[in-house]
Each structure stands twice: as C-alpha cells, then as structure tokens.
K.L.:
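Structure incoming, see below.
Numbered from 1 within each chain, the chains take letters A, B, ... in sequence-line order. Every heavy atom of this structure was used, including side-chain atoms; hydrogens, water molecules and symmetry mates were not. All values derive from a computational prediction rather than experimental measurement.
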Number of protein chains: 2
Amino acid sequence: MASHARRGAPLTREEILTTALRLIDAGGVEALTMRRLAAELSVNPMSLYHHVENKTALLEGVCSLVVARLEPPPDDGSAWQDRLRALAHTYRSLARLHPALWSYVQVHPEMIGREDGMWGALCRTLLAAGVPKEDLAATGEALYSFVSGFVTAESRDELGRQRGAEDVDRTFELAVDIIVAGLRRTTG
Amino acid sequence: MASHARRGAPLTREEILTTALRLIDAGGVEALTMRRLAAELSVNPMSLYHHVENKTALLEGVCSLVVARLEPPPDDGSAWQDRLRALAHTYRSLARLHPALWSYVQVHPEMIGREDGMWGALCRTLLAAGVPKEDLAATGEALYSFVSGFVTAESRDELGRQRGAEDVDRTFELAVDIIVAGLRRTTG
DNA sequence: ACCTGAACACCGTTCAAGT
DNA sequence: ACCTGAACACCGTTCAAGT
C-alpha cells in the first residue's frame with residue numbers, strides 16, 4: 001500500500017502551504033515541522049518533498065501566500081496624509097492576522113521580494129507629500145521600518161500580557177501621527 | 001577520567017555566556033547549539049547543564065550580558081532634540097555590534113527586562129520635549145519600536161547585499177530627523 | 001508520477017554513574 | 001561538587017524501493 005494511503009484526494013502544494021500557515025498561526029514558526037505537517041495531512045513526511053524542495057522553500061511558499069494578500073487600498077485622490085494612514089493600516093491589518101509569521105518575515109526578509117504593490121504606493125504618496133526625489137528611497141525605507149517595527153512590537157505584546165484593545169489602537173494612531181507630522185515638517 | 005578532562009581551569013558560567021555570544025555573532029542564533037558550544041569549550045555537552053538550566057536560560061544569559069552594556073549617555077543639559085538623537089545613536093551602536101542577537105531579541109523581548117536605563121532616559125527626554133504625561137508611555141513605545149524596527153531592518157540589510165556605509169548612516173539620520181520633527185509638531 | 005520505510009546526521013535533555 | 005556516557009525523543013533529509 002504505497003500509493004496514497006491518505007484518505008481523499010492526492011496531496012497538493014496548495015494544501016501543504018495553507019496547512020503550514022495554520023500550524024504557524026497556532027504555535028509559532030517553531031511549531032512548523034516537516035514531520036508534524038505531514039502528520040496533520042495524514043501523510044508520510046517524505047511525501048512533502050515531492051511538492052516542496054525543502055523546509056526553506058516551504059517557508060518561502062507560506063510567506064508568498066500571505067504577502068500576496070498585501071494590496072494597497074485603491075488611490076482615491078485623498079490627501080497624502082490620509083493616504084499614508086491608510087497604507088499603514090492596511091499593513092497592520094494583515095500583520096495582525098498572522099503575527100508569528102510576520103515577526104519571522106521581519107527577521108528573514110529574504111523570504112519575500114519587495115512587496116511591489118505597497119512599496120510603489122508608498123513612494124507615490126511620498127512624492128505627493130513633497131519628499132525630494134533623492135530622498136525618496138531613504139524616506140520610504142525609514143517609514144517602512146518604522147511601521148513594521150511598531151507592528152512587530154505590537155504583536156509580541158499581544159502574545160504576552162494583555163492590554164486593552166482600544167489602548168493599542170490609540171498607540172498606533174499616535175505612532176502614525178508622529179510619522180505624518182515628521183514628514184510634513186521635514187519636507188518643509 | 002571523569003573530572004575536568006578539559007585543559008586549564010574548570011568551566012564557568014561567564015565563559016559559557018561569552019563563548020555563546022561569539023557563536024551567535026559568527027553564525028546567527030541558529031548556530032548556537034548546546035553541543036557545538038560544548039565542543040567550542042572542549043567539554044562534554046552535559047557539563048553545560050551544571051551552569052545553565054537549559055538552552056532558554058542560556059539565551060537569556062547572553063541577552064542580559066549584552067543588554068547590560070546598553071547605558072544612556074550622561075545627561076548634559078542639551079536640548080531634547082539632541083538628547084533624543086544621542087539616545088538613538090547609543091541604541092544603534094550596540095545593536096550593530098551584535099546584529100543577529102538583536103534581531104532575536106526583537107522577536108523575543110521576554111529575553112530582556114525593560115532596559116531601565118534607556119527607558120527612563122527616553123521618558124525624561126520626552127517630558128522635556130513637552131509630551132503630556134498621559135501620552136508618555138504610548139509615545140515612548142512608539143519611538144522605541146521605530147528605532148528598533150529601523151535598526152533591525154538595517155542589520156538584516158547588512159547581512160544581505162552591501163550598501164555604502166555613508167549611505168546607511170544618512171538614512172539613519174533622516175529617520176531620526178523624521179522622529180524629532182514629528183514629536184516637535186505633535187506636541188505643539 | 002507519486003508515495004513510502006529505513007537510515008543518517010543532527011538536535012535538547014534525563015538519568016544513573018563516575019571522581 | 002562537578003563531570004561524563006549512554007540513552008530517549010525529537011529534528012531535516014537522502015535514497016532505494018514500492019505502486
């Protein structure tokens with residue numbers, strides 16, 4: 001009985017990735033194990049290697065899966081301040097859906113390409129804010145790391161001791177306010 | 001021959017921690033292994049457990065070792081803007097000495113207590129900047145996560161493809177400028 | 001083409017035994 | 001008190017064999 005002992009349809013890469021993501025969401029990245037994942041799928045550990053090159057490739061697949069959902073909100077012609085706030089909120093919303101994976105991504109950015117949608121939208125917004133072209137990349141990187149740093153701190157906080165939900169939201173608003181105000185002032 | 005087969009003096013906790021830090025600096029946190037550490041010390045892996053409860057405790061020890069070196073510069077009476085810049089630079093300097101450990105700490109903040117020296121200095125500076133008392137904690141956390149997020153992004157960048165040293169320095173200055181300007185504006 | 005079992009080189013850690 | 005070897009329950013991964 002070597003051919004699919006597992007009940008139901010044959011194993012698929014899609015199924016592997018979504019199950020891996022579920023394991024990560026439930027127990028952190030360290031809870032994702034080739035052997036545990038196989039058990040979760042009722043399959044021999046070695047079967048996974050027919051759909052995924054190795055564990056690194058598996059993690060990359062999971063990261064792409066999530067990053068693909070990171071799309072900038074459509075650009076209504078609103079002021080750059082509001083646009084910036086909207087981008088930050090979009091980023092934060094997705095990060096909060098998968099906090100463990102997101103922390104992992106921040107330390108292992110090679111797992112994802114530059115998520116072009118968000119990065120492009122950010123740059124356009126910064127230009128609208130009057131950031132000079134030669135400062136564009138540096139400014140974008142600074143803001144990007146600000147937001148991702150804040151969100152990481154936030155999710156690790158949530159795993160730890162609790163705080164009121166309205167409390168963290170307020171802190172996030174304050175953080176975004178500082179960024180917006182800082183940009184306004186910096187660009188004259 | 002059960003008693004210290006190892007040449008020289010008996011094993012010490014200090015020696016264990018500094019060697020562990022060296023391994024982490026050289027190869028990342030995932031390169032730190034009880035067995036490899038023991039080999040590095042020319043000692044049986046099990047001997048480590050007489051000085052350190054387990055691997056988690058070992059990592060905590062290494063983190064404390066590094067965090068202990070994080071001291072705010074003495075408070076000359078300079079303007080809060082300069083003081084804020086100085087604090088950011090101090091933080092960044094230490095982080096760049098141990099980038100791998102620092103990334104790890106950001107994801108596992110339970111490894112360190114709130115490093116009271118820096119946090120206290122930050123709060124005093126924010127008060128001097130006119131941040132209202134009820135916003136103090138939120139503002140401090142925001143700035144703290146901004147700087148740590150930026151520094152993490154920076155160190156992962158350094159491990160990857162190179163950039164000019166003066167280029168990253170300039171980006172850091174720009175980042176700090178945004179924060180300072182944002183604070184100034186926010187607090188009226 | 002897809003799956004599997006046995007095997008290898010690693011982990012962290014326990015425990016009983018050595019001096 | 002400090003160290004050690006054997007052992008256990010895990011890892012990721014290779015490889016030859018099954019259908």
K.L.:
Assign the ring pair A/His89 / A/Phe172 to parallel, tilted or perpendicular, where the plane angle (0 to 90°) is split at 30° and 60°.
P.N.:
perpendicular
K.L.:
Could you pull out the protein-nucleic contacts involving nucleotides 11-15 of chain C (nitrogen or oxygen on both sides, under 3.5 Å)?
P.N.:
from: C/dG12; atom 1: OP1; to: B/Met34; atom 2: N; distance (Å): 3.1
from: C/dG12; atom 1: OP1; to: B/Lys55; atom 2: NZ; distance (Å): 3.1
from: C/dG12; atom 1: OP2; to: B/Met34; atom 2: N; distance (Å): 3.1
from: C/dG12; atom 1: N7; to: B/Arg35; atom 2: NH1; distance (Å): 2.4
from: C/dG12; atom 1: O6; to: B/Arg35; atom 2: NH1; distance (Å): 3.0
from: C/dT13; atom 1: OP2; to: B/Tyr49; atom 2: OH; distance (Å): 3.0
from: C/dT13; atom 1: OP2; to: B/Lys55; atom 2: N; distance (Å): 3.0

K.L.:
Which nucleotide in the set C/dG5, D/dG5, D/dC3 lies at the smallest distance from any side-chain heavy atom of B/Asn44?
P.N.:
D/dG5
K.L.:
Short question: side chain of B/Ser103, backbone of B/Pro99 - any donor-acceptor pair under 3.5 Å?
P.N.:
yes
K.L.:
Dump the intermediate steps for side-chain contact (heavy atoms from CB on, under 4.5 Å) on B/Met34 and B/Leu58, then the final yes or no.
P.N.:
CA-CA 9 Å; B/Met34 297 303 269; B/Leu58 170 65; 3.8 Å; yes
K.L.:
Using Watson-Crick and G-U wobble pairs whose two distances are both under 3.5 Å, how do you write the pairing of DNA chain D as dot-bracket, with | for links to another strand?
P.N.:
||.|||||...|||||.||
K.L.:
Pick one: which of A/Asp75, A/Leu84, A/Val131 meets side chain to side chain contact (heavy atoms under 4.5 Å, CB included) with A/Thr125?
P.N.:
A/Leu84
K.L.:
If only atom types and distance count, is the side chain of A/Arg83 paired as donor or acceptor with the main-chain N or O of A/Ser78 below 3.5 Å?
P.N.:
no
K.L.:
Of all heavy-atom pairs between A/Leu136 and A/Cys123, which one has the smallest distance, and what is that distance?
P.N.:
CD1-O, 3.8 Å
K.L.:
Rounded to the nearest Å, what distance is computed from the CG atom of residue B/Leu41 to the C1' atom of nucleotide D/dC3?
P.N.:
14 Å
K.L.:
Which ring-ring contact (aromatic ring centres under 6.0 Å, His included) pairs, counting each pair once, include a residue from residues 96-126 of chain B, with sequence neighbours left out?
P.N.:
B/Tyr91-B/Trp102, B/Tyr104-B/His108
K.L.:
Could you tell me whether the phosphate oxygens of D/dC3, OP1 or OP2, come under 4.0 Å of any side-chain nitrogen or oxygen in B/His51?
P.N.:
yes
K.L.:
Quiz question: by atom type and distance under 3.5 Å, do the side chains of B/Glu40 and B/Thr19 form a donor-acceptor pair?
P.N.:
no
K.L.:
Specify the separation, in whole Å, of atom CZ of A/Arg13 and atom P of C/dA1.
P.N.:
19 Å
K.L.:
Measure NE2/B/His50 against P/C/dG18 and give the value in whole Å, please.
P.N.:
15 Å
